[in-house]
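Here the structure is laid out as structure tokens; the discussion comes afterwards.
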Amino acid sequence: MANNNVRGWGRVVRAFGYSMKGFKACFELEEAFRQEVFLLIPLVPLGLWLGETPVERAMLVGSLLMVPIVELLNSAIEANVDRIGLERHELSGRAKDIASAAVFSSIAFCILIWALILIPKWL
């Protein structure tokens, strides 16, 4: 691995820079990630406002944040598969489908958390 001699805070600073490059690339190249980020802007404050306890707030906001995190992983898997080759292969398709299923699962989890916390308050 390159830069094995970088240690301590220098390593942390470089890792932060690489993370920011990853966020930027995903935001610029992945429409789904942009949509999820734009949805976070109103929903995070809403989750903080609707949650009555710190645990409810953490669940509402945490479930929202899980969606773009899983989308980042999905995008990384798709980029890796596409790098290997653009020809159709069963395993490549399976990897992409499984990563997409993870995004779907995170969205379903988020909806379930919001429903379990908020529906009883409105009934």
Side-chain angles (χ1 to χ4, degrees):
M1 212 168 148
N3 299 319
N4 279 338
N5 57 348
V6 179
R7 300 202 188 286
W9 286 106
R11 183 189 152 302
V12 172
V13 169
R14 285 190 183 201
F16 179 79
Y18 298 142
S19 296
M20 293 304 104
K21 281 176 61 175
F23 278 124
K24 182 181 179 198
C26 200
F27 190 83
E28 289 175 352
L29 300 171
E30 299 292 335
E31 184 176 356
F33 184 72
R34 282 192 303 274
Q35 291 170 342
E36 292 158 2
V37 169
F38 290 137
L39 281 173
L40 285 177
I41 294 169
L43 290 178
V44 167
L46 186 63
L48 293 171
W49 181 62
L50 291 174
E52 292 179 2
T53 67
V55 171
E56 284 185 356
R57 288 184 197 107
M59 292 295 293
L60 291 170
V61 173
S63 66
L64 287 171
L65 294 176
M66 181 150 334
V67 175
I69 290 169
V70 176
E71 185 67 51
L72 286 166
L73 295 170
N74 176 44
S75 297
I77 290 168
E78 287 184 352
N80 231 348
V81 168
D82 290 345
R83 180 190 177 277
I84 293 169
L86 296 177
E87 68 277 356
R88 292 196 176 270
H89 190 280
E90 178 186 348
L91 293 176
S92 297
R94 188 182 313 160
K96 286 184 168 190
D97 291 346
I98 291 169
S100 178
V103 174
F104 175 80
S105 297
S106 70
I107 292 169
F109 174 75
C110 182
I111 292 169
L112 177 66
I113 292 295
W114 278 67
L116 289 173
I117 291 174
L118 298 179
I119 288 175
K121 294 179 184 196
W122 295 334
L123 292 180

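No continuous path of hydrophobic side-chain contacts links Ile69 to Leu39 [ILVMFWY only; heavy atoms under 4.5 Å]. The cluster map of Ile, Leu, Val, Met, Phe, Trp and Tyr, joined by side-chain heavy atoms under 4.5 Å apart, puts Met59 and Trp122 in the same cluster. Hydrophobic clustering keeps Val67 apart from Val37 (ILVMFWY residues linked when any side-chain heavy atoms are closer than 4.5 Å, directly or through intermediates). Neither Met20 nor Leu65 shares a network with the other; the hydrophobic side chains, linked directly or stepwise wherever heavy atoms of I, L, V, M, F, W or Y lie under 4.5 Å apart, form separate groups for each. Taken together through direct or relayed side-chain contacts under 4.5 Å among Ile, Leu, Val, Met, Phe, Trp and Tyr, Ile111 and Leu46 form part of one hydrophobic cluster.
Separating the CG atom in Leu40 from the CD atom in Gln35 is a distance of 12.0 Å, to the nearest 0.5 Å. Taking CG from Asn74 and CZ from Phe33, the interatomic distance works out to 11.5 Å, rounded to the nearest 0.5 Å. In this structure, CG on Asn80 lies 11.0 Å from NZ on Lys96, to the nearest 0.5 angstrom. Atoms CG and CG, from Leu64 and Leu48 in turn, are 9.5 Å apart once rounded to the nearest 0.5 Å. Separation of atoms OG (Ser100) and CD (Glu71) is listed at 8.0 Å; rounding is to 0.5 Å. Atom OG of residue Ser106 and atom CD of residue Glu36 lie 7.0 Å apart, to the nearest 0.5 angstrom.
Of all heavy-atom pairs between Arg57 and Gly51, the closest is NE-O, 3.2 Å. For the residue pair Phe109 and Met66, the shortest heavy atom distance occurs at CE2-CE, 4.2 Å. Closest heavy-atom contact between Ala95 and Ile77: O-CG2, 4.1 Å. Taking both residues in full, the closest heavy atoms of Ala115 and Pro120 are given as O-CD, 3.6 Å, listed atom of the first, atom of the second, then distance. Taking each heavy atom of His89 and Leu91 in turn, the nearest pair found is ND1-N, 3.0 Å. Heavy atoms only, all atoms of each residue included: Leu43 and Trp114 are closest at O-CH2, 3.7 Å.
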* salt bridge (Lys or Arg N to Asp or Glu O under 4.0 Å) evaluation trace for Glu30 with Arg34 -> CA-CA 7 Å; Glu30 299 292 335; Arg34 282 192 303 274; over 6 Å; no
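Annotation: Phe27, atom CZ; neighbour count of heavy atoms from other residues, nucleotides and ligands within 6.0 Å is above 12.
Lys121 is not listed as a side-chain neighbour of Leu50, based on a closest heavy-atom distance of 4.5 Å or more.
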